[in-house]
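Take a look at the structure below.
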Amino acid sequence: MSVRNPVVTALKTWLIPRRYGVMRWSYSLQRISGVAITLYFVLHIGETANVIGGSQVWSIPSYEYARQVWTETVEFLSNPFFDAGLAVLAFLIFFHTSNGVRLFLTHFGILLGKPHRPEYPYHPASMTKAQLTIFWVSILLAVAALLYSLNIFFKVILP
Amino acid sequence: MSGKLQEVRLRVYRYDPSNGGRPRYDIFSVPVKKDTTVLSALLYVKEKLDPTLSIRFSCRMATCGSCGMMINGLPRLACYTLVSQLKSKTITVQPLNNFPVVKDLVADFTDFFGKHRAMKPYLLRIDTYEQEKSNISYRQTDEELLKYIQFAYCIRCGLCYAACPVVATDKRFPGPQALSQLYRYYIDSRDEGGGERLEVVSDSHGVLRCHFAGSCSQVCPKGVDPALAIQLLRRELLFGRRTG
């Protein structure tokens, strides 16, 4: 008996949402944004700890030392790659939060249709118009956050 | 049969454990008409081109749930899918995702049916003597029937299980089919299983593991909507008043 590679299968289900409709895109974006935001928080805490003196966080660093580390960190982070990363992060945070509200409500049985006798063509009552609306509003908010961030870093829309 | 004959390329997943066990794809040219199903095309291959091809089927009318397979990347019933509706000159056919492969297009349903059985898919009564005597009728109103009838249409074809991204990453997750059947019996007014039923799925690999991708409901050939049953089951687990 053959078992196909479970890691490849898992990555495919996460990263290739096509063919299953809008809800699968929502699932993939929610998972990817969740992992990305968690990674960002870990790196952010590491970077902040570095600014205030790394492992000497429990002692008060001298003003000159703290200023030097702060300047070095800001110089290291001030490049287009990190700026673009922050813009993408803004997209992911806005999407994850607003789509998360939809998922939170459905987990409590809110925004769902009622069970009924199936009649062809089938329309799943698990995906209602209210949910679709929240999903697309999430996308709109996320795109707006992305454009706003891009404009702050690169002045692409308004000077 | 109607319409003109056309040729399509059938790209078929092949795997034979007795022959080295390396999967490969074979390509067959098959003449089809407007109303040829993928199952008919596969049977043409088996009868005329390669008798060693293994497939599983029975009723040919989307009732038995035997001929589920990945057709152009989506889980579908081969007997219920017309070649013409795929709008593709090349059709790729693979065994169902999330199932071990026995041979070629035949998937192993042992785990799937095991999970189904674990949900006790039958009415549970406190008074078993009364149930076994079977000379009592359990009356229901239309409203009580409507609460579960949609989920009772399940034919156990495994398409929802193959579409589920959570099953792909957590083998202990019961899957949409088993969970929807659990809800089907839990919410049945004749059933007295109550909290005993929910205990089976109340751990971290149970109903709370569902991330609501909704793919199960998209591919169900009978309109069962397992995603709805799972969300309603989750609500029962969190706020349910019925206890066994």
Side-chain angles (χ1 to χ4, degrees), chain A residues 1-35 96 99-128 131-132 134-135, chain B residues 15 17 21-23 72-75 94-95 97-103 108 110 145-151 153 163-171 183-184 187 208 210-236 238-239:
Chain A
M1 200 131 31
S2 128
V3 177
R4 282 161 284 183
N5 189 326
V7 177
V8 173
T9 311
L11 285 175
K12 274 186 180 174
T13 60
W14 270 43
L15 303 174
I16 311 176
R18 65 200 172 93
R19 294 199 181 99
Y20 290 100
V22 167
M23 285 192 46
R24 188 61 169 259
W25 281 93
S26 160
Y27 164 82
S28 287
L29 272 174
Q30 192 73 10
R31 301 290 278 174
I32 291 165
S33 58
V35 171
H96 194 85
N99 191 53
V101 171
R102 174 181 75 84
L103 292 171
F104 184 81
L105 292 173
T106 55
H107 287 185
F108 288 87
I110 303 167
L111 300 180
L112 297 170
K114 284 186 176 175
H116 57 277
R117 284 181 191 276
E119 282 180 24
Y120 193 84
Y122 308 123
H123 298 291
S126 51
M127 190 51 165
T128 54
Q131 282 191 65
L132 263 180
I134 296 179
F135 170 76
Chain B
Y15 166 74
R22 280 187 67 83
N72 278 359
L74 262 187
Q94 301 158 298
N97 283 348
N98 300 337
F99 287 87
V101 183
V102 179
K103 185 173 181 287
D108 177 28
T110 309
L145 181 73
L146 270 180
K147 283 184 181 172
Y148 73 85
I149 189 69
Q150 177 171 20
F151 312 119
Y153 277 74
C164 178
V166 181
V167 172
T169 50
D170 182 358
K171 293 297 166 200
Y183 182 74
R184 175 256 174 275
I187 208 66
L208 299 175
C210 169
H211 296 296
F212 196 20
S215 308
C216 49
S217 300
Q218 290 292 328
V219 301
C220 179
K222 307 305 275 186
V224 168
D225 200 353
L228 176 64
I230 295 172
Q231 306 319 307
L232 295 174
L233 186 63
R234 184 169 2 219
R235 182 177 66 180
E236 289 296 324
L238 295 169
F239 303 115

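Quick note on labels: first sequence line is chain A, next is B, and so on, each numbered from 1.
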**Request:** I would like to know whether A/Tyr122 and B/Ser217 meet side chain to side chain contact (heavy atoms under 4.5 Å, CB included); could you show each step before the answer?
**Result:** CA-CA 9 Å; A/Tyr122 308 123; B/Ser217 300; over 6 Å; no
With a cut-off of 3.5 Å and sequence neighbours excluded, list every side-chain donor-acceptor pair involving residues 24-35 of chain A.
unit_1  : atom_1 : unit_2   : atom_2 : d
A/Arg24 : NH1    : B/Ala163 : O      : 3.0
A/Arg24 : NH1    : B/Ser215 : OG     : 2.7
A/Ser26 : OG     : A/Asn99  : ND2    : 3.1
A/Ser26 : OG     : A/Arg102 : NH2    : 2.7
A/Ser28 : OG     : A/Trp14  : O      : 2.7
A/Ser28 : OG     : A/Arg24  : O      : 3.4
A/Gln30 : OE1    : A/Asn99  : ND2    : 3.0
A/Gln30 : NE2    : A/His96  : O      : 3.3
A/Arg31 : NH1    : B/His211 : NE2    : 3.2
A/Ser33 : OG     : A/Leu29  : O      : 2.6
A/Ser33 : OG     : A/Gln30  : O      : 3.1
A/Ser33 : OG     : A/His96  : ND1    : 2.9

**Request:** Please name the pair of heavy atoms, one in B/Leu228 and one in A/Ala125, separated by the smallest distance, quoted to 0.1 Å.
**Result:** CD2-CB, 3.9 Å
**Heavy atoms of other groups near B/Lys147 NZ, more than 12 under 6.0 Å** = no
**Asked** Between A/Glu119, A/Arg18, A/Gln131, which shows the greatest number of heavy-atom pairs under 4.5 Å with chain B?
**Response** A/Gln131
**Prompt:** With a 4.5 Å heavy-atom cut-off, do A/Pro115 and B/Leu146 have their side chains touching?
**Reply:** no
**Message:** I'd like to know if the side chain of B/Arg235 reaches the main chain of A/Thr106, judged simply by a donor and an acceptor atom lying under 3.5 Å from each other, with no hydrogens or angles considered.
**Reply:** no
**Asked** Should the heavy atoms of other residues, nucleotides or ligands under 6.0 Å from CZ of A/Phe108 be counted, would the total exceed 12?
**Response** yes
**Asked** Given the rule in the side chain to side chain contact (heavy atoms under 4.5 Å, CB included) test, do B/Asp225 and A/Met127 qualify, once you have shown the distances and angles that lead to the verdict?
**Response** CA-CA 10 Å; B/Asp225 200 353; A/Met127 190 51 165; over 6 Å; no
**Asked** What part of A/Lys12 gets closer than 4.5 Å to chain B, counting heavy atoms only: side chain, backbone, both or neither?
**Response** neither
**Message:** With a 4.5 angstrom heavy-atom cut-off, is it the side chain or the backbone of B/Leu238 that approaches chain A, or both, or neither?
**Reply:** side chain
**Prompt:** Does the side chain to side chain contact (heavy atoms under 4.5 Å, CB included) test come out yes or no for A/Tyr20 and B/Val219, once each step is laid out?
**Reply:** CA-CA 8 Å; A/Tyr20 290 100; B/Val219 301; 3.7 Å; yes
**Complete:** Looking only at A/Met23, A/Arg117, A/His107, the option with the highest number of non-hydrogen pairs under 4.5 Å against chain B is A/His107
**Asked** For the atom pair CD (B/Gln231) and CG (A/Leu103), what is the distance rounded to the nearest 0.5 Å?
**Response** 8.5 Å
**Prompt:** Of the backbone (N, CA, C, O) and the side chain (C-beta and beyond), which part of B/Phe151 lies under 4.5 Å from a heavy atom of chain A, both, or neither?
**Reply:** side chain
**Asked** How many angstroms lie between atom CG of B/Asn98 and atom OG1 of A/Thr13, to the nearest 0.5 angstrom?
**Response** 8.0 Å
**Prompt:** B/Leu145 versus chain A, heavy atoms under 4.5 Å apart: side chain, backbone, both or neither?
**Reply:** side chain
**Request:** Please list, chain by chain and in numerical order, all residues satisfying salt bridge (charged side-chain N to carboxylate O under 4.0 Å, His left out) with B/Arg234, sequence neighbours excluded.
**Result:** none
**Beyond-backbone contact of A/His116 with B/Gln150, side-chain heavy atoms, under 4.5 angstrom** = yes
**Request:** Pick one of side chain, backbone, both or neither for B/Tyr153, based on which atoms fall under 4.5 Å of a heavy atom in chain A.
**Result:** side chain
